[in-house]
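Quick note on labels: first sequence line is chain A, next is B, and so on, each numbered from 1.
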Amino acid sequence: MKVSTLSEYLDRLERTQSRNEMSQILAEVIREAEKGEASVLMYLLMGRVRPLFDPVEFGVADKQVMKAMVRASGVTEEALGAQYRVLGDLGLVWFAVAKSAGGEKMEVIFLYESLSQIAAESGGGSQERKLMLIEELLGKLTANEGKYVIRILLGKLRLGFSDKTLIDALSISEVGDKGIADKLEYAYQVRPDIGFLVQKVKEVGWKRACEGVGVALGTPMMVMLAARLKTAGEMVKKMGSVAVEPKFDGTRIQIHFQRRGDWKVKTYTRNLEENTYSFPELTKLGDVVDADSLVLDAEAVGVDTKTGKLVPFQMTMTRKRKHDVAEQAGKVPMVFYVFDVMYKDGVSLIDKSYEERRKILTKAVKKNDWLRVDEYKLVTKAEEITKLHQLQIDKGLEGVIVKKIDSQYVPGRTGWRWVKMKEAEGSTGKLSDTIDAVIMGFYSGKGKRAGFGIGKFLVGVRRGEQIVTLTKIGTGLSDEQFKQLKNALDKLVATKADESYVIDKTLVPDVWVEPKLVVEVAADEITISPTYSAGVSLRFPRLVKFRDDKSVQQATTIDEVKQMI
DNA sequence: CTTGTCTGCCC
DNA sequence: ATTCTGC
DNA sequence: GCAGAATGGGCAGACAAG
């Protein structure tokens, strides 16, 4: 397939909003792909050159791509930046400034090779080499083709489809409708590589491609996630009999173990990245399990060496490293709370019920101190969920996960099988109170929000006569509220930061505004911040509502914020 | 060698 | 992570 | 309700620049 053909398909996709229609178009792409080309096309459509679980990344984003665009177009960085703030998409910026070069009919395979080379460059001088390669590539493409290539480099085609839609499309390409999407999804779940799946289906047909697939050691599988419901009552209504488990504030880890073989343990993150190197303590896994092979689902949490208590999330995350792991493991050892088993001794367990898997799990782990099978309580009443939730909160945990006891292990967060509960019913965030913060400035938006002229904004709190920065806010507003806010802020635009602002150079907004507007902000936690001038910041900040009724003098103070810790 | 910027990935 | 929105 | 796309803080690592 030619790149020009691909870009015509992408043009069509860009014009359609209906995902059903998108699936049809994508099915055409799959049908038209030549042998050996299908996998490559799928990766490109996902804004990548390799499957999710391969650690191959482009290593360029906004800043570097913009530099390459400066070179390829001759337009200054300032001019491109200005366009970017208006259009909210570097692909569109390129389309606007690119000279109508190209003309060469490039093959998709060639494009793929070029992009792979960009990803492969590393070491001293690699940034320069990446820039050259991008510049060269753009020079061979039309402005429209370049638009899509830039979006691929940024990992966002922004066309309204992703892997799920590609699976629907694959089903359509094979049988004319979404009839086999379930089976394909299952195959994708245990090997989340859309390029591999499409290629295989095209080569051997969907029946053989889906035949006998199951969890495989050494291949990360997609994990089950917890949805959210507002009340315990809704949980009981949707799920019936449930198990309530503690929710630990650490990092999700999928553990693959085999007693014999060229490796013993491999671990993966929630997003399927391999992170075996981060957890040297798991080399001893064979001592504490009664099995020849396992795939486990767990939460890794650091412990305080003095008190034995679990450490805060930020401390646990210091283990997300490649270097000096052993040293860090001494400072912050890990424990692993195991809550599920997806495979044991050659048998895939994801089709078994929660209760069955739990029984197998309990038997598979021997009594020990660091690989802990977490507790679960079977419950049928809403009040019991609420009570257990409060119990975990009192213990200092994040909350609870409520699980439907007869449910299979299904990836993603759909279907009301697992539901999380963090804050108490009726409250907006886990933080006991909301904060009334002052809007200090705002930033242009990307994608849809470019049209609003605002995508997020900077807020602060009072410290004496000063206003110190606390967090940026980019969620909690409806489209309508974004438009309203932009209108209101336009009347407060200032040419520079107000004298009362204590600012940090990395947080300079696109537009400063006078300190007039107050907003109510919710969050889950107050964190010690290395970046914000308040010295603290918010974890998961979101807007609750505009507080036009409040003056800046009535906004929350830094002392009040610190008392909430 | 240190510092700053950018990126990717945890939540 | 949270939240909003078109289908 | 699903799937997708906006957006958050903050950590380590890779490079480039000084």
Is it the case that K403(A) places NZ or CZ above or below the six-membered ring of W418(A), under 6.0 angstrom from the centre and within 45 degrees of the axis?
->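 Yes, a cation-pi geometry.
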Span that lies between the C1' atom of dG8(B) and that of dA1(C), in whole angstrom =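 16 Å, rounded to whole Å.
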Considering only atom P, compute the distance from dC4(C) to dT5(B) and round it to an integer number of Å.
->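 Roughly 34 Å separates the two P atoms.
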Under the side-chain contact (heavy atoms from CB on, under 4.5 Å) rule, collect the residues that match up with Q83(A), sequence neighbours excluded.
->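 Counting only residues at least two positions away or on another chain, Q83(A) forms a side-chain contact (heavy atoms from CB on, under 4.5 Å) with L87(A), V93(A), A96(A), V97(A).
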Can you measure [X] atom [atom1] to [N] atom [atom2] for me and round it to whole angstrom units?
X       : N       : atom1 : atom2 : answer
D479(A) : dG6(C)  : CG    : C1'   : 11 Å
K331(A) : dC11(D) : NZ    : P     : 14 Å
D163(A) : dG4(D)  : CG    : P     : 6 Å
D324(A) : dG13(D) : CG    : P     : 7 Å
E423(A) : dT3(C)  : CD    : C1'   : 12 Å
L538(A) : dT7(D)  : CG    : C1'   : 14 Å
K420(A) : dT3(C)  : NZ    : C1'   : 12 Å
I454(A) : dC4(C)  : CD1   : P     : 16 Å

Give one of base, sugar-phosphate or nothing for [X], where a contact means two heavy atoms less than 4.0 Å apart.
X       : result
L543(A) : nothing
T316(A) : nothing
L225(A) : nothing
R542(A) : sugar-phosphate
L159(A) : sugar-phosphate
G429(A) : nothing

Answer yes or no: does a side-chain N or O of [X] lie under 4.0 Å from OP1 or OP2 of [N]?
X       : N       : result
T475(A) : dA1(C)  : no
K238(A) : dG1(D)  : yes
T471(A) : dG8(D)  : no
R449(A) : dA5(D)  : no
Q17(A)  : dG6(C)  : no
K322(A) : dA12(D) : no

Could you tell me whether a side-chain N or O of S126(A) sits under 3.5 Å from a main-chain N or O of E121(A), the two making a donor and an acceptor?
->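 No; judged by distance alone, with no hydrogens or angles, the pair does not exist.
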Between the main-chain N or O of Y532(A) and the side-chain N or O of D504(A), is there a donor-acceptor pair closer than 3.5 Å?
->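 Looks like no, no N/O pair under 3.5 Å.
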Given I194(A), L41(A), L184(A), the one that forms side-chain contact (heavy atoms from CB on, under 4.5 Å) with L166(A) |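 Of the listed residues I194(A), L41(A), L184(A), the side-chain contact (heavy atoms from CB on, under 4.5 Å) partner of L166(A) is I194(A).
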Comparing R19(A) and L229(A) on DNA chain D - which has the more 5′ nearest nucleotide =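 Here L229(A) is the residue nearer the 5' end.
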On DNA chain D, nearest-nucleotide positions of T318(A) versus S126(A): which is more 5'?
->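 So the residue in question is T318(A).
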Contact list for residues 529-541 of chain A, test salt bridge (Lys or Arg N to Asp or Glu O under 4.0 Å), sequence neighbours left out |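 Applying salt bridge (Lys or Arg N to Asp or Glu O under 4.0 Å) to every pair that reaches into residues 529-541 of chain A, excluding sequence neighbours, yields D249(A)-R539(A), E525(A)-R539(A).
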Any M221(A) side-chain heavy atom under 4.5 Å of Y268(A) side chain =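 No; the side chains remain at least 4.5 Å from each other.
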Of all the nucleotides listed ([options]), which has the minimum atom distance to the side chain of [X]?
X       : options                  : result
T414(A) : dG8(D), dA3(D), dA14(D)  : dA3(D)
H323(A) : dG4(D), dT3(C), dG13(D)  : dG13(D)
S18(A)  : dG10(D), dG13(D), dC7(C) : dC7(C)

Examine the side chains of S114(A) and Q117(A) and answer whether a donor and an acceptor come within less than 3.5 Å of each other.
->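 No.
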Are K230(A) and E423(A) within salt-bridge range, i.e. N to O under 4.0 Å?
->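 No, this pair does not count.
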Heavy atoms under 4.0 Å is the rule here; annotate nucleotides 5-11 of chain B 5' to 3' with B where the base is hit, S where only the sugar-phosphate is, and - elsewhere.
-> SSSBBSB
